Protein chains: 2
Amino acid sequence: MIRDLCIRQPITVSDRRLAERCARGRVVVIDDDAEILLALCALFELEGYACETYDSAVAFLQVLSENGPCFPGPCCLLCDVRMPQIDGLELQRRLKELGDAPMLLMSGSSGAPEAASAFRAGALDFLIKPMKAETLLDAVTKALAVSAQRQHQRTRRDELATRLNALTEREREIAQRVALGQRNLEIADALGIALRTVKRHRHQVMEKLEVDTLVDLVHVIDEMK
Amino acid sequence: MIRDLCIRQPITVSDRRLAERCARGRVVVIDDDAEILLALCALFELEGYACETYDSAVAFLQVLSENGPCFPGPCCLLCDVRMPQIDGLELQRRLKELGDAPMLLMSGSSGAPEAASAFRAGALDFLIKPMKAETLLDAVTKALAVSAQRQHQRTRRDELATRLNALTEREREIAQRVALGQRNLEIADALGIALRTVKRHRHQVMEKLEVDTLVDLVHVIDEMK
DNA sequence: GCTTGATTGGCCCTTTGGGGCAATAGACGA
DNA sequence: TCGTCTATTGCCCCAAAGGGCCAATCAAGC
């Protein structure tokens with residue numbers, strides 16, 4: 001591999017493959033059973049997903065804290081419930097603040113209480129071992145779809161937040177009122193300023209938010225609150 | 001108390017109490033264990049909720065099919081999983097099309113598979129018997145809040161649907177385009193009609209939808225799709 | 001045949017929105 | 001202290017929206 005790196009452009013090829021896989025989705029599997037890790041990883045890679053495996057929640061958290069937020073592209077966690085030290089449910093709690101990757105929990109020996117806890121804490125599904133490959137892939141597909149959806153939402157919100165941030169205090173004030181349906185003259189009276197001033201601010205708002213109709217302005221403002 | 005009831009306006013008093021309870025919320029309990037029904041009913045009424053009990057899903061469905069949709073006010077179902085004939089999960093499936101009352105399932109002997117199924121099918125929570133009164137009341141409170149929310153949404157949508165229905169085909173067309181940010185002249189050109197006609201339709205739309213600003217129009221249209 | 005509702009169009013006027021040009025004033029970092 | 005940024009305003013002009021008044025066409029239903 002190292003040799004390859006030096007001779008031909010293996011980086012490009014392998015990177016392209018990884019990129020393709022990541023675009024389709026990345027599955028992070030956490031289980032203290034090495035055989036299961038191997039089997040699941042094989043299954044996911046066969047299906048064209050990128051797959052990372054960890055033999056404990058601790059190992060995963062370690063890597064997470066070092067690398068920071070993960071790669072772009074949809075990503076989900078598939079995690080065993082029963083594990084030493086940090087179990088699946090505990091990991092779920094810890095990740096609540098860190099990541100927004102959808103979580104799938106799996107267990108062979110858990111009871112209803114664990115399943116209920118998992119769902120309450122926001123797990124997308126709770127799979128019972130042994131599970132059919134089809135069931136598993138189905139759950140993963142849905143989880144990755146959710147992940148993609150969330151990322152899309154987040155990207156969009158960040159984008160809009162940046163634009164909203166470019167507004168001055170006064171412009172924000174005018175933007176709010178415009179999005180509430182107030183007319184320029186109303187706003188001018190309410191703020192005790194001239195009509196012309198309101199128009200100028202309003203123009204700035206439209207410019208900075210990159211919209212050119214009132215309808216779009218309303219959509220942007222509504223989307224952010 | 002009874003004396004009081006008989007001497008002065010007893011009907012009014014009891015009605016008022018029932019009304020208060022229904023406003024606070026109504027809990028429908030379904031369990032094949034009569035003792036549990038009694039105990040839960042007592043608990044809920046003590047907390048100020050109205051409570052109905054059924055000793056089987058069949059009995060509940062029977063009453064439901066006779067009376068049609070239930071009373072106004074928030075309402076939730078609390079249903080045992082293990083029951084003869086129709087069990088909790090099966091009832092859940094059957095109610096999927098019928099009602100939108102949030103469902104709480106409870107069980108003492110179920111495993112993770114049942115809990116997972118319940119959540120997948122949209123149950124709000126899955127409680128493990130025996131449960132603390134606090135846990136139960138907490139779940140019921142949340143379920144009733146969800147119910148109130150849903151009813152509010154539905155009422156609003158029905159209201160808007162009625163108004164939208166009052167629009168003629170042409171008016172709907174104009175309403176859509178206006179809500180997309182198209183200008184009157186654009187619309188006129190697109191539909192091959194005169195500007196004046198677009199204005200007239202637009203005016204009718206605002207009138208019939210009971211809005212008086214473009215912003216409100218956008219909100220109404222967006223809310224309906 | 002007549003009424004009614006939907007759709008359409010023209011003419012004309014007012015209000016509101018959008019924007020160019022020029023200018024003043026306070027705040028703030030270089 | 002100077003230049004920049006932000007907020008402010010006035011004057012003027014044009015485009016778009018809102019709407020009154022009048023009127024024609026057409027299909028459906030009594």
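The sequence lines fix the lettering, A, B, ..., with proteins before strands; numbering per chain opens at 1. It should be emphasised that the depicted structure is a prediction, and the values quoted were computed from it without experimental measurement.
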Hey, is the side chain of B:His201 poking within less than 4.0 Å of OP1 or OP2 on C:dA6, counting only N and O atoms? no
Report yes if a side-chain nitrogen or oxygen of A:Arg170 is closer than 4.0 Å to either non-bridging phosphate oxygen (OP1 or OP2) of D:dA7; otherwise report no. no
Send over the distance from A:Asn184 CG to C:dT15 C1', rounded to a whole Å. 12 Å
Main-chain N/O of B:Ile187 paired to B:Arg177 side chain as donor or acceptor, under 3.5 Å: no
Distance criterion of 3.5 Å, no angle test: do you see the side chain of B:Arg200 paired donor-to-acceptor with the base of D:dG20? no
How many whole angstroms separate atom CG of B:Asp212 from atom C1' of C:dT16? 15 Å
Is any side-chain nitrogen or oxygen of B:His203 closer than 4.0 Å to OP1 or OP2 of D:dG19? yes
Rounded to whole Å, how long is the line connecting atom CD1 of A:Ile187 with atom P of C:dG17? 8 Å
Closer than 4.0 angstrom, basic N to acidic O: yes or no for B:Glu90 and B:Arg93? yes
Ignoring backbone atoms, test whether B:Thr197 places a side-chain nitrogen or oxygen under 4.0 Å from the OP1 or OP2 oxygen of C:dG9. yes
How close do B:Val29 and B:Cys51 get, heavy atom to heavy atom, and via which atoms? CG2-SG, 3.9 Å
Can you check the A:Glu169 CD to C:dA27 C1' distance for me, whole Å? 15 Å
If I take atom CD1 in residue A:Ile174 and atom P in nucleotide C:dG17, what distance separates them, rounded to the nearest angstrom? 13 Å
Rounded to whole Å, how long is the line connecting atom CG of B:Leu195 with atom C1' of C:dC11? 12 Å
Between C:dG5 and B:Thr168, is there an OP1 or OP2 to side-chain N/O distance shorter than 4.0 Å? no
Let's test your reading of the model: under 3.5 Å, does the base of C:dG9 pair with the side chain of B:Arg196 as donor and acceptor? no
Is there a donor-acceptor contact under 3.5 Å linking the side chains of A:Asp138 and A:Thr135? no
side-chain N/O B:Arg183 vs D:dA17 OP1/OP2, d < 4.0 Å: no
In terms of side-chain heavy atoms, does B:Thr162 have a donor or acceptor partner in B:Asn165 at a distance below 3.5 Å? no
Starting from the 5' end of DNA chain D, give me the residue, A:Lys208 or A:Ala194, whose nearest nucleotide shows up first. A:Lys208
Nearest whole angstrom, please: distance from the P of D:dG19 to the CZ of B:Arg202. 10 Å
B:Arg177 CZ - D:dA17 C1' separation (whole Å): 18 Å
